[in-house]
Amino acid sequence: MPEKMSKGLKFTSGIDELPKCIKKLKADGAHIIVLLSHNGFPQDVELLKAVNGIDICLSAHTHNRIYSPVEVNGARVVQCGCHGAFIGNFTIDFQENEIKSCNYELIKVDSSVPINPEVDNLVEKALKPYHEIINKVIGHTNEVLHRYNTTNSTMDNFLLKAITYITNTDIAFSNGWRYGAPIAVGNITENDIYNITPMNPPVSTVELTGVEIKEMLEENLERTFCSKPFGQMGGYIKRVLGLQINMRIENPKGHRIQEIYYKGSHLDLIKTYKVSFVTTQGVAKKYGKNRKKHSHNAVEAMKAYLIENTEFSPDKIGSFRLV
């Protein structure tokens with residue numbers, strides 16, 4: 001996100017702050033403590049091991065589908081998937097200000113769930129100004145476009161192809177985003193495009209050496225697969241187009257990448273490559289030189305790409321491969 005949006009803010013794990021909050025809540029008369037957290041499931045498990053006094057943790061961020069609460073240090077932890085596809089339902093029996101029994105179910109939201117007319121009316125009212133882009137078809141896909149894979153993503157394959165198309169580059173990078181509801185086989189609407197990158201970030205280019213590309217990817221792999229939960233930052237693996245990375249997740253920090261191929265040959269670590277990207281998570285500011293902002297933002301790039309490539313088909317070979 002733009003730096004201006006986080007100016008003056010500090011983000012912590014909560015380990016130091018939570019005990020003080022729990023102590024104050026109990027002093028104010030609270031009997032049951034419910035924690036709403038967006039740390040991520042591995043991080044919340046680690047947090048709850050270190051903090052006493054929490055009864056229920058409504059976890060988020062990593063989009064786990066937890067069908068039965070995971071108990072950690074007396075706390076019941078749940079997550080409910082993503083994109084409103086599931087609802088978590090707790091039934092709790094309180095006796096003498098304590099939880100005596102607790103039942104939980106993860107309910108799939110599909111056509112079997114009856115429509116609530118009042119809520120449906122509110123949704124229709126909210127969507128009314130956007131009917132034009134919801135119904136405007138700008139292309140087609142012959143595969144589901146999604147972000148449900150930790151390593152490779154058909155949705156981001158489409159985004160990166162649009163970015164390389166508009167910048168005339170061979171290599172592109174973007175965030176390992178988790179959000180963005182899947183786009184079904186068939187029409188791609190203008191609304192779908194905004195679903196992929198709702199903030200419509202600018203497209204940029206930068207010159208990176210092969211050494212920088214390898215270092216940047218190793219850093220990202222550590223932030224994704226760090227053995228210590230609080231060392232895991234961001235979302236999935238950074239999305240890449242134009243490179244084939246052979247890796248081992250279980251290897252130590254800085255040694256996960258075995259090989260990087262570019263156009264069928266090993267990436268030249270000394271050579272400089274012009275690459276395209278979106279956001280500083282795509283390529284952090286500390287990497288590269290001659291960083292330039294392109295005239296197109298992400299949404300415009302995808303629209304322009306579909307004008308020339310109306311029938312989209314994702315690459316069959318992913319950029320990351322476990323070896």
Side-chain angles (χ1 to χ4, degrees), residues 1-13 38-40 43 61-63 147 150-153 155-180 193-226 230-243 245 253-254 256-257 260 267 272-302 305 319-320:
M1 62 184 179
E3 291 180 356
K4 64 181 180 182
M5 295 178 69
S6 59
K7 187 177 181 180
L9 298 178
K10 179 183 178 183
F11 297 90
T12 74
S13 66
H38 208 91
N39 272 340
Q43 293 82 354
H61 185 51
T62 45
H63 298 177
R147 285 175 170 151
T150 305
T151 52
N152 299 297
S153 157
M155 182 177 285
D156 290 306
N157 183 249
F158 165 59
L159 169 63
L160 293 179
K161 281 195 169 186
I163 290 171
T164 56
Y165 168 78
I166 209 70
T167 58
N168 194 29
T169 55
D170 297 319
I171 303 171
F173 301 96
S174 70
N175 304 50
W177 284 305
R178 291 192 183 101
Y179 66 71
I193 299 297
Y194 280 101
N195 172 64
I196 295 173
T197 55
M199 79 299 290
N200 194 18
V203 174
S204 301
T205 57
V206 66
E207 294 175 7
L208 299 174
T209 64
V211 169
E212 286 180 306
I213 290 173
K214 187 174 186 292
E215 180 184 337
M216 180 177 72
L217 292 173
E218 284 281 13
E219 178 184 54
N220 177 251
L221 290 173
E222 173 64 12
R223 291 183 171 187
T224 306
F225 299 116
C226 182
F230 286 120
Q232 298 172 17
M233 296 176 280
Y236 296 140
I237 289 179
K238 187 191 304 288
R239 305 309 189 185
V240 181
L241 183 70
L243 300 175
I245 299 103
K253 178 181 179 181
R256 290 187 173 91
I257 294 175
I260 304 178
L267 186 74
T272 298
Y273 300 86
K274 183 180 179 181
V275 309
S276 51
F277 68 97
V278 288
T279 82
T280 54
Q281 263 190 292
V283 178
K285 288 184 177 180
K286 63 182 177 181
Y287 295 112
K289 61 181 181 180
N290 296 330
R291 184 176 293 245
K292 296 179 181 178
K293 182 178 176 181
H294 195 269
S295 58
H296 285 69
N297 282 23
V299 168
E300 288 70 40
M302 287 185 280
Y305 177 78
S319 296
F320 288 94

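Note that the coordinates shown come from a computational prediction; the quantities given were computed from them, not determined experimentally.
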Side chains of [X] and [Y]: closer than 4.5 Å at any heavy-atom pair?
X: N157; Y: L241; value: yes
X: V275; Y: L208; value: yes
X: T197; Y: L159; value: yes
X: V206; Y: K292; value: no
X: F320; Y: N152; value: yes

Non-hydrogen atoms of [X] and [Y] that approach each other most closely:
X: K293; Y: P202; value: CE-CB, 3.5 Å
X: A301; Y: V203; value: CB-CG2, 4.3 Å
X: H61; Y: N39; value: CD2-O, 3.6 Å
X: T279; Y: P201; value: CG2-CB, 3.8 Å

Any chance you could measure [X], atom [atom1], to [Y], atom [atom2], to the nearest 0.5 Å?
X: S153; Y: N175; atom1: OG; atom2: CG; answer: 11.5 Å
X: L160; Y: S174; atom1: CG; atom2: OG; answer: 4.0 Å
X: I213; Y: L217; atom1: CD1; atom2: CG; answer: 7.5 Å
X: K214; Y: T209; atom1: NZ; atom2: OG1; answer: 12.0 Å
X: H296; Y: I166; atom1: NE2; atom2: CD1; answer: 4.0 Å
X: E212; Y: K289; atom1: CD; atom2: NZ; answer: 8.5 Å

Given the rule in the side-chain contact (heavy atoms from CB on, under 4.5 Å) test, do N195 and M155 qualify, once you have shown the distances and angles that lead to the verdict?
-> CA-CA 10 Å; N195 172 64; M155 182 177 285; 4.2 Å; yes

Measure from the side-chain N and O atoms of [X] to the backbone N and O of [Y], and report whether any donor-acceptor pair falls under 3.5 Å.
X: R147; Y: I196; value: yes
X: H294; Y: T167; value: no
X: Q43; Y: Q232; value: yes

What do the steps show when you test F277 against R291 for side-chain contact (heavy atoms from CB on, under 4.5 Å), and what is the final call?
-> CA-CA 10 Å; F277 68 97; R291 184 176 293 245; 3.2 Å; yes

Working for side-chain contact (heavy atoms from CB on, under 4.5 Å), residues S319 and L243 = CA-CA 6 Å; S319 296; L243 300 175; 5.8 Å; no

Please list, chain by chain and in numerical order, all residues satisfying salt bridge (charged side-chain N to carboxylate O under 4.0 Å, His left out) with K286, sequence neighbours excluded.
-> E219

Listed by chain and number, what are the side chain to side chain donor-acceptor pair (under 3.5 Å) partners of [X], not counting sequence neighbours?
X: T12; result: E17
X: E300; result: N200
X: N290; result: E207

Would I193 and V299 count as a side-chain contact (heavy atoms from CB on, under 4.5 Å) if you check the C-alpha gap in whole Å, the side-chain angles of each, and the deciding distance to 0.1 Å?
-> CA-CA 6 Å; I193 299 297; V299 168; 3.8 Å; yes

Just list the side-chain donor-acceptor pairs under 3.5 Å for residues 233-240, sequence neighbours left out, or say none.
from	atom 1	to	atom 2	distance (Å)
K238	NZ	Q281	O	2.7
K238	NZ	G282	O	3.2
R239	NE	D156	OD2	3.3
R239	NH1	N149	O	3.3
R239	NH1	T150	O	3.4
R239	NH1	T151	O	3.1
R239	NH2	N149	O	2.9

Under the ring-ring contact (aromatic ring centres under 6.0 Å, His included) rule, collect the residues that match up with Y179, sequence neighbours excluded.
-> W177

